[in-house]
Structure formats: C-alpha cells, structure tokens
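One structure below.
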Amino acid sequence: MSLTRNPGATAAQAKNSRWLELLTRVGFIGYGIVHLLFAWLALQIAFGSSSEEGNQNGALRTLGEQPLGKFVLIAIAVGLFAMALWQAFQAVIGHQSKTGKEKVFERIASVVRVVVFVWLGYTAIKVVQDASANASNRQQQLTEKLMASDGGRWLVGLAGLVLAAVGIGMVVYGLKKKFERNLKTGEMSPKTHRLTRRLGMAGYAARGSVFAITGLLIVVAAVKYDPEKARGLDAALRTLRDQPYGPWLLALMALGIAAFGVYCFFQSRYRKV
C-alpha cells in the first residue's frame, strides 16, 4: 500500500541503493575502457588503416575479439545499464540541489545519458552475440530513408545542428570545468584534484569537438543530399584525417579521448552517485 501511495519515496530509495551505486561505479570503469579503445582506433585511423569503425561500436568489437573479451563485455554491459538506470532516476527525481533552468538542463542531460548508456550496453550485448552490425552503415541507411521522405532532409539537417550544438556545449562544459560540481572534490588530494581537472577538461573538449564535427557533416549531408557523409563519428574522424595536418590533429583529439577514458576511472571513485 505504501508503495502505491508514495512512488516518489520508493524511487528515491531505489536511486540510493548500494548495489546500484556499486554497479554504476563499475559502469564508469567500463565506459573508460571503451573510450581508451576508441582513442586507439582514432590513432590507427590517423597514421594507418583500421578495419574497425572509429567509434564506440568499433571499440566494443575490438574488445570482444580479445581473450576473455566477451566476459568483460558482459560486465561492461551490466555496468552501463546500471548507469542508465541511475541517470533515469536523476532525470525524474534528481538534481534537487539545482533550481530553475539549471535543473531543467541537467534533467534533459540525464535523459540523453540514459539513451547513450542503454545504446552502448545493448551494443555490447550484440557484440557478445556476434550480431553487431556496422553502425556507420546503419546510420547512412537511415539517413537515406529520411532524405527520401517529405521534409526528411530538413529533419536530418536539424539533427545535425542539434548534435553540433551538443558538441559545442560539451567543449564549453569542459573548458569551464563545470564537470567538477559532480565530483567529490573534497575527498581528493590536491594532486589528484589537479590531475582530474586536466583530464576532464581535455576529455570533454575532445569529445565535444568530435560530436561537433559529426553534426556539421550531417548538416552537409542534408544540404548536398549526400548520405555518405552522414556516417557518424567514424566519418568525422576520417574527414579530419584527410585535412591539412589532419593526422596530427586527429592524434591530438585521440589523446583527448584517451584522457576522458582515464577521467572515467576517477569518476568511478569520486563521482557523486
């Protein structure tokens, strides 16, 4: 009876579950591993050739090919689903310390994170089942279908603008060190705090840049009616590589993505969950 009368209290109790917190912290470790592999693939694209996609999908497949890789993928998937559940609670009843527009923004961001974590967890499971298709090809096929419909090019262009805006926002978020408000900085030593801050700044700036480039490519695809350009992160990395000094810029971006991967390990310990 009490569960029916007070669902908010029940949700808050579930959100504060010790098991959910532990699994979420495991999820941050898995998220960090994915980004380190993503960075490695980006470096391969910069200075060589890679048969894998330059995105999280390719990183998960690379991990699945290693000894005990599928076992690790299952653990990562469980952690990512726990992170999704945690962010779902945050979207509904979290961010109570914030007010007004800031609370609305944080809850919207939590919804986006839910989608990202669920998608990555689902992809990890599909890799374990040997059923993970090429994500870049799927995105291109979806873009082609949308462009063939009335108003589809406008929808694709709008999606690209939103993604580019998210990327720019991520860069600003990192450079302004706003991520620190979600960390238990009081529990860090000064040295750890400085290192975590630098990793977070570099990581968010690099990830945001990749997202912004991806969004702009999607806009170009809509304007020029060229779905080949709308292949997601992989296309963004390869487009950057083909520019003057592109390999070195891509290598720098890969280092930033790797920094975010290491930052995730610190989040596993110090993130407010």
State plainly whether one hydrophobic cluster holds both [X] and [Y], where clusters connect Ile, Leu, Val, Met, Phe, Trp and Tyr through side-chain heavy atoms under 4.5 angstrom apart.
| X | Y | result |
| --- | --- | --- |
| Val273 | Val116 | yes |
| Val26 | Leu85 | no |
| Leu216 | Leu240 | no |
| Trp119 | Phe260 | yes |
| Ile29 | Leu36 | yes |

Check your understanding: For Arg271, what residues pass the salt bridge (Lys or Arg N to Asp or Glu O under 4.0 Å) criterion, not counting sequence neighbours?
Key ->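 Salt bridge (Lys or Arg N to Asp or Glu O under 4.0 Å) check on Arg271 returns nothing, list empty.
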Closest non-hydrogen atom pair, [X] against [Y]:
| X | Y | value |
| --- | --- | --- |
| Met83 | Thr24 | CG-O, 3.7 Å |
| Leu175 | Met201 | O-CE, 3.9 Å |
| Ile125 | Ala77 | CD1-CB, 3.7 Å |
| Ile33 | Phe265 | N-CE2, 3.9 Å |
| Ala84 | Val114 | O-CG2, 3.4 Å |

Check your understanding: Does any pair with a residue in residues 161-173 pass salt bridge (Lys or Arg N to Asp or Glu O under 4.0 Å), and if so which ones, sequence neighbours excluded?
Key ->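 Qualifying pairs: none.
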Check your understanding: If you count the non-hydrogen atoms of other residues, nucleotides and ligands that lie under 6.0 Å from OH in Tyr122, is the total more than 12?
Key ->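 No - once you tally the heavy atoms of other residues, nucleotides and ligands closer than 6.0 Å, there are 12 at most.
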Review point. Counting heavy atoms not belonging to Arg198, are there more than 12 under 6.0 Å from its CZ?
Key: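 Incorrect, the count does not exceed 12.
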Check your understanding: Do any N or O atoms from the side chain of Thr214 and from the backbone of Val210 form a donor-acceptor pair under 3.5 angstrom?
Key ->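 Yes, because the side chain of Thr214 sits within donor-acceptor range (under 3.5 Å) of the backbone of Val210.
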Practice item. Test Thr196 against Lys191 for side chain to side chain contact (heavy atoms under 4.5 Å, CB included), laying out the working first. Key: CA-CA 9 Å; Thr196 305; Lys191 184 177 179 180; over 6 Å; no
Review point. Using the benzene-type ring in the case of Trp, are the ring centres of Phe179 and Tyr204 under 6.0 Å apart?
Key: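 Yes.
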Check your understanding: Looking at the rings of Trp86 and Phe81, which for Trp means the six-membered one, are their centres under 6.0 Å apart?
Key ->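 No - the distance between ring centres of Trp86 and Phe81 does not fall below the 6.0 Å cut-off.
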Look up atom [atom1] in [X] and atom [atom2] in [Y], then write down how far apart they are to the nearest 0.5 Å.
| X | Y | atom1 | atom2 | answer |
| --- | --- | --- | --- | --- |
| Leu250 | Asp242 | CG | CG | 10.0 Å |
| Trp40 | Ile45 | CH2 | CD1 | 12.0 Å |
| Leu120 | Ile76 | CG | CD1 | 10.0 Å |

Got a sec, which residues hit side chain to side chain contact (heavy atoms under 4.5 Å, CB included) with [X], two or more places apart in sequence or on another chain?
| X | answer |
| --- | --- |
| Lys184 | Arg25, Glu187, Lys272 |
| Leu199 | Leu195, Ala259, Val262, Tyr263, Phe266 |
| Thr239 | Leu217, Gln243 |

Review point. Looking at residues at least two apart in the chain, or sitting in another chain, which of them share a side-chain hydrogen bond (donor to acceptor under 3.5 Å, both in side chains) with Gln87?
Key: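 Residues passing side-chain hydrogen bond (donor to acceptor under 3.5 Å, both in side chains) with Gln87: Ser110, Arg113.
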Practice item. List for me each residue that meets side-chain hydrogen bond (donor to acceptor under 3.5 Å, both in side chains) alongside Thr185, sequence neighbours excluded, and say none if there are none. Key: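 side-chain hydrogen bond (donor to acceptor under 3.5 Å, both in side chains) check on Thr185 returns nothing, list empty.
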Review point. With a 4.5 Å limit on heavy-atom distance, are the side chains of Arg107 and Gln90 in contact?
Key: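 Not in contact.
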Check your understanding: How is the hydrophobic cluster of Val104 composed, in terms of its other members, when Ile, Leu, Val, Met, Phe, Trp and Tyr link through side-chain heavy atoms under 4.5 Å apart, directly or indirectly?
Key ->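 For the cluster that includes Val104, the remaining residues are Ile108.
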Check your understanding: Taking 4.0 angstrom as the limit, do Glu21 and Arg18 come out as a salt bridge?
Key ->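 The answer is yes: the pair qualifies as a salt bridge.
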List the atom pairs, donor and acceptor, that lie under 3.5 Å between side-chain atoms in residues 158-173 and the rest of the protein, sequence neighbours left out.
from, atom 1, to, atom 2, distance (Å)
Tyr173, OH, Asn182, ND2, 3.2

Point to revise | Qualifying residues under ring pair (Phe, Tyr, Trp, His ring centres under 6.0 Å), relative to Phe117, sequence neighbours excluded | key: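 In terms of ring pair (Phe, Tyr, Trp, His ring centres under 6.0 Å), with neighbours along the sequence ignored, Phe117 is linked to Tyr31.
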Would you tabulate the side-chain donor-acceptor contacts of residues 66-75 under 3.5 Å, counting partners in other chains and residues two or more places apart, or write 'none'?
from, atom 1, to, atom 2, distance (Å)
Gln66, NE2, Thr62, O, 2.9
Lys70, NZ, Asp130, OD1, 3.3
Lys70, NZ, Asp130, OD2, 3.2

Exercise for review: Mind running side chain to side chain contact (heavy atoms under 4.5 Å, CB included) on Phe47 and Trp248 for me, showing each step along the way?
Suggested key: CA-CA 9 Å; Phe47 297 113; Trp248 296 104; 3.9 Å; yes
Point to revise | The single option from Arg194, Met188, His193 passing side chain to side chain contact (heavy atoms under 4.5 Å, CB included) against Pro190 | key: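 Among the candidates, only Arg194 passes.
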